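These numbers were taken from a predicted model, which means no experiment stands behind them. Computation of the quantities below employed the complete heavy-atom set of this structure, encompassing side-chain atoms and omitting hydrogens, waters and symmetry-equivalent molecules.
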Amino acid sequence: MRAAGAAENGRSTGRSTGRRAARARVRIRALAALVACAALLTGCPGAGDGDGDGDGDGGREGRSPFTGESVADASAPVLAVKIDNVAAARPQTGLERADIVYVEQVESGLTRLLAVYSSDLPPTVGPVRSARESDIELLRQFGEPALAYSGAQSKLVPVLEASPLHLVPPGEAPGAYSRSADRSAPHNMYLDPQAALREAPDGVSGASDIGFRFGAAPQGGRADTEEAVRFPAVRYDFVWSAEYDRWLVSIDGQEATTADNDRLGAPTVVLQRVEIRDSRFRDRGGSVSPYSETVGSGEATVLRGGRAYEARWSRPSAESGTEFTTPEGDPMTFAEGQVWVVLAPR
């Protein structure tokens, strides 16, 4: 299994004494920050800075801060999984049970998915692919989540190891990964999420407030039943279905489905327009890896209930959550359920 994990994109990461010490220091600093945050009653991520009345509050008791739904454990550990999304990788497995699905641009204008799980762990997720530098910044708003991926470009490995993320590639959690005989490599590596969390280092962050707000739809918006997002080599279409009460996903003109042939879709889709620039790294073929900047601010379109709402997003630092507001500055509320966030080119 270790050989299988190393076959895709360079060597898997390894734990070291220095890395454990660095993570210990990070946890101490994080604990101090949380204590200070609680003492000051500020709106720090995870502090439950909503209005407290259960309407539009990202930290409602007994409800997931990622989906707004009632869950058994609203602060269960957070696991992010990097998922393949080329034609040979579809249909994916377990994607429909993610709390949040991020769409990120990678080399050659293609995309990959970063699925975030906490409230509902499926038995299998995949196919799993390699990490990118953008993942580190994007995931910092979740604290210190676990990150499952199949490998990384060799020069990126020390950057990943120095991050606060808890890394669980095949070399660190061999029992959590398997290869499927139904597909050819590299599109056939699958993850057991529960096994991955068991193998993760101590201290994986639980779900907390990352800025999402859930509640009744805001006033305004425009009637809209179809939106398209174009990356250089991929097109996503989101079509509102009153029957399914969600936005159904199509990729490159093909309906996106689960492994059980059900349609993929979400009650809320966020088209977050970000700066996509070159990163410091290249893939095996020499192509520069794109970097999607998720710290800063910009425009967004929020799709829910057959309407499109123009919005603004703001994230002051990597440790901060991402707030979405209406043009008037009020919180932009999402519908309860899975959220897709498309990191679309500006």
Do you know which two heavy atoms are closest between [X] and [Y], and how far apart they sit?
X    : Y    : answer
P316 : V295 : O-CG1, 3.7 Å
W313 : R346 : CZ2-NH2, 3.8 Å
L147 : L165 : CD2-CD1, 4.0 Å
V249 : G265 : CG2-CA, 4.1 Å
A131 : L160 : CB-CD1, 4.2 Å

Backbone N/O of [Y] and side chain of [X]: donor-acceptor pair under 3.5 Å:
X    : Y    : answer
S250 : G253 : no
R315 : A318 : yes
T268 : A335 : yes
E310 : T326 : no
S134 : S292 : yes
D135 : R132 : yes

Can the ring centres of F324 and F334 be said to be less than 6.0 Å apart?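 Centroid distance F324-F334: below 6.0 Å, so yes.
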Verify the ring-centre separation between F66 and F142: is it less than 6.0 angstrom?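 Yes, ring centres under 6.0 Å apart.
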Residue pair [X] / [Y], side-chain donor-acceptor N/O under 3.5 Å:
X    : Y    : value
N85  : R112 : no
Q141 : S320 : no
Y236 : E227 : no

Please identify which of these residues, S64, S118, S119, meets the side chain to side chain donor-acceptor pair (under 3.5 Å) condition with D99.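 That would be S119; it is the only one of S64, S118, S119 passing the side chain to side chain donor-acceptor pair (under 3.5 Å) with D99.
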Identify the residue among E172, E144, E199 that makes a side chain to side chain donor-acceptor pair (under 3.5 Å) with H166.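 In the set E172, E144, E199, the residue that makes a side chain to side chain donor-acceptor pair (under 3.5 Å) with H166 is E144.
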Which residue, V229, L138, V270, forms the side chain to side chain contact (heavy atoms under 4.5 Å, CB included) with L343?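 One option only clears the test, and that one is L138.
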Greater than 12 external heavy atoms within 6.0 Å of E226's CD: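 Atom CD in E226 is crowded, with more than 12 foreign heavy atoms closer than 6.0 Å.
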